Number of protein chains: 2
Amino acid sequence: MGLPNIRVSVDAVVFGYDSKEGLSVLLIKRKVAPFKGEWALPGGLVKEDESLETAVHRELEEETGITVNYLEQLYTFGTPGRDPRNRVVTVAYYGLVRQSEFDVYAATDAADAKWFHIDDTPKLAFDHEQILAAATKRLRGKLSYEPIGFELLDEKFRFSDLYHLYQTIYNPTGEKKIDRRNFKKKFLQLGILEELPEKVSEGRGRPGALFKFDKEKYFALKERGMLFQV
Amino acid sequence: MGLPNIRVSVDAVVFGYDSKEGLSVLLIKRKVAPFKGEWALPGGLVKEDESLETAVHRELEEETGITVNYLEQLYTFGTPGRDPRNRVVTVAYYGLVRQSEFDVYAATDAADAKWFHIDDTPKLAFDHEQILAAATKRLRGKLSYEPIGFELLDEKFRFSDLYHLYQTIYNPTGEKKIDRRNFKKKFLQLGILEELPEKVSEGRGRPGALFKFDKEKYFALKERGMLFQV
DNA sequence: GCAAAAGTGTTCCTTTTACACCCATGC
DNA sequence: GCATGGGTGTAAAAGGAACACTTTTGC
C-alpha cells in the first residue's frame, strides 16, 4: 500500500463592502487547466514549508494583488473528485475588506480578477459555488454574535453606512425591516462607537455625524463574543 | 520546483457523556512512532479515495472500535512542524456519544483506548491538546445556539439527566447556577420534548417522568438554528 | 420520620418591539 | 418649497431571572 497522493490547497472567499454597491465577492478567471478561462475563488496549492494562512495570503497576492488583514478559516472541503485531476483537499478561508480600498487587478497567476456583486456571481469552477454559499451563510451568522464593521467600513463613517451594512448582509432582498431607531439604540449601547463632532452631507439631505470604532473596545468585545440580534 | 509533500490526516475529538461520570473524551495510546506510547486523539492519514468523513469513521473503528453517528468538522490544523517527521495537515472533527453505549477497546491500530474525564486528561501527543481545547470551547458554544442532547442521552431520560448535562457542560466547576424551574420551562417551550407516562425512580427520591426527543422537531430546530441561552 | 429527588407559579425586571414627527441641507 | 436623508422617545409586550414549598418515594 503506497502513500496516498493527496494535495492540499487553500481558497479564499473575500467579501468586499461598499456603501453604494453593497456586498461583493472577489473572483478570478483561471489561467490554467482545469477549468481554464472559468471563474473561481482565488487560491492554490500550499507549499511544504508555509502555513495555511501564509498560503492564502500569498495566493491572494499572486492572483489578485490584494492584501487582506482579516481572514478566518471557514471549512475544509475534501470530497474525492472535487478536482477532476488529482485528489485535492482544500482549506477555505473567508475575509472581509473595504472594497474601495483595493485596486484589484489580475496579477501574475490569474487571467482576470474582479469583484462580483454577491447576487450576481457567475458559474464557478470546482465546488466553489458550494464554498461561496458556506461563506455567505457564515458571514450572516457571524453578524449576530460578533461585531462586524471595522473591517468593512472606512475609518470614519456615517451611522447610516453601518445601518446599511447590516441591512445588506441580513436582508439581501432589500425589503426594509430593521428599525432604524432600535438599531441605533442597540448598537450605541455596545459602547464601541465614538461619535465625532464632524458632520458630513451626502449631497442631499441633512448632514449626519461621523462615527468611528473604539478599536480597543471593539476587539475586546469581539474576543469575548457578544450577542447581537437584529 | 517539485510538488509539495504534504499529507492529510483526520483526528477525532469524541465526547462521551454519562449522567454519573459527566463529560469525557476518548483517547488512544499510540502504538507507533512518533510519540509511541503517549496518549493522543484517535486519527490517522486519509486514503486517496476516501472522503474525510469516511476516514474519521474508519480510524475510529480501527483504533477504538466505536461507531459515532454524530460528527462535525471542527477546524483544520496545518502549522508546519506540528508533526515532527513530515508536513501533515490534519482536519479535526468532534462528535458526541452516549458513553454507556460504547465498549471501548484498543482495536488493532492502538495500544490502548479509553475515556478520560474532561478535567483529567493526560499530556497529549502532537498539538492535540490544542485541538482538544478548541473542541471543548466549540462544544460549550454550540450548546447555546443548538439543541444538544439527543446524541448524549439515552432514548428515554429523566428531565434531571438533561438538566445535569447542561449543568455539566456549562459549568464544569460545579457551583450550581442554572435554575431548575426556569430551565425546564424554557426547554419545554422549545417543543422538542415528549413526556412519557412512565415514571422511574433513581433508587431514592420521588420518581420522575421519562422524556424523549421528538426527532423530527429536534432536527428541524437544529437545522434552523435556535437561540437558547441558559 | 427523614433524606433525596421531582414537581410546580408568580412577581419583578429587563429587553425588545412598534411606531411618527421634526430638522438640516441641496436644488 | 420640496425632496432627501438625519435625528430623536415612549409605551406596550415579551422574555428572562429570582425565588420556596409541597409531593413521592426508599430506607
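In what follows, chains carry the letters A, B, and so on, assigned in the order in which the sequence lines appear, proteins first and then strands, with residues in each chain numbered from 1. This is a predicted model, so every value here is computed, not measured.
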Response to the item:
Out of C/dT8, D/dG9, D/dG5, minimum distance to the side chain of A/Arg206 belongs to D/dG5
Worksheet item: Have A/Glu53 and A/Tyr93 got a donor and an acceptor in their side chains that come within less than 3.5 Å?
Response: yes
Worksheet item: Starting at CG of B/Asn182 and ending at P of C/dT11, how long is that distance when rounded to a whole Å?
Response: 15 Å
Practice prompt. Name the nucleic acid region contacted by B/Arg204, choosing base, sugar-phosphate or nothing; use a 4.0 angstrom heavy-atom cut-off, strictly under.
Written response: sugar-phosphate
Item to complete: Using a heavy-atom cut-off of under 4.0 Å over every strand shown, decide if B/Lys184 touches base, sugar-phosphate, or nothing.
Response: sugar-phosphate
Worksheet item: For the pair made of CG in B/Leu162 and P in C/dA6, what is the distance, rounded to whole Å?
Response: 12 Å
Worksheet entry | Given C/dT10, C/dA6, D/dG9, the nucleotide with the shortest approach to the side chain of B/Ser160 | C/dA6
Worksheet item: From the list D/dT24, C/dT17, C/dA20, which nucleotide is the closest neighbour of the side chain of A/Arg181?
Response: C/dA20
Item to complete: Send over the distance from B/Arg158 CZ to C/dA6 P, rounded to a whole Å.
Response: 6 Å
Worksheet item: Does A/Gly205 or B/Ala209 map to a spot on DNA chain C nearer the 5' end, using the closest nucleotide for each?
Response: B/Ala209
Worksheet entry | Full working for salt bridge (charged side-chain N to carboxylate O under 4.0 Å, His left out) between A/Glu72 and A/Lys142 | CA-CA 11 Å; A/Glu72 193 167 311; A/Lys142 199 166 194 60; 3.1 Å; yes
Worksheet item: For the pair made of NZ in B/Lys186 and C1' in D/dA14, what is the distance, rounded to whole Å?
Response: 13 Å
Worksheet item: How many Å lie between CZ on A/Phe187 and C1' on C/dT15, as a whole number?
Response: 18 Å
Item to complete: Would you please say whether a donor-acceptor pair under 3.5 Å links the side chains of B/Glu216 and B/Tyr218?
Response: no
Worksheet item: What integer distance in Å separates B/Phe183:CZ from C/dT8:P?
Response: 16 Å
Practice prompt. Starting at atom CG of A/Asp179, determine the distance to atom P of D/dG9, rounded to an integer number of angstrom.
Written response: 14 Å
Item to complete: Could you tell me the separation between the CG atom of A/Leu60 and the CG atom of A/Asp11, rounded to the nearest 0.5 Å?
Response: 10.0 Å
Practice prompt. Tell me which nucleotide among D/dT24, D/dC19, D/dG7 gets nearest to the side chain of A/Arg180.
Written response: D/dG7
Item to complete: Give the C-alpha distance, both sets of side-chain angles, the deciding distance and a yes or no for ring-ring contact (aromatic ring centres under 6.0 Å, His included) between A/Tyr70 and A/Phe150.
Response: CA-CA 10 Å; A/Tyr70 177 74; A/Phe150 191 76; 9.8 Å; no
Worksheet item: Between B/Gln167 (CD) and C/dA6 (P), how many Å, whole number?
Response: 13 Å
Discussion item. On DNA chain D, compare the nucleotides closest to A/Lys185 and A/Lys199; which residue's is nearer the 5' end?
Written reply: A/Lys199
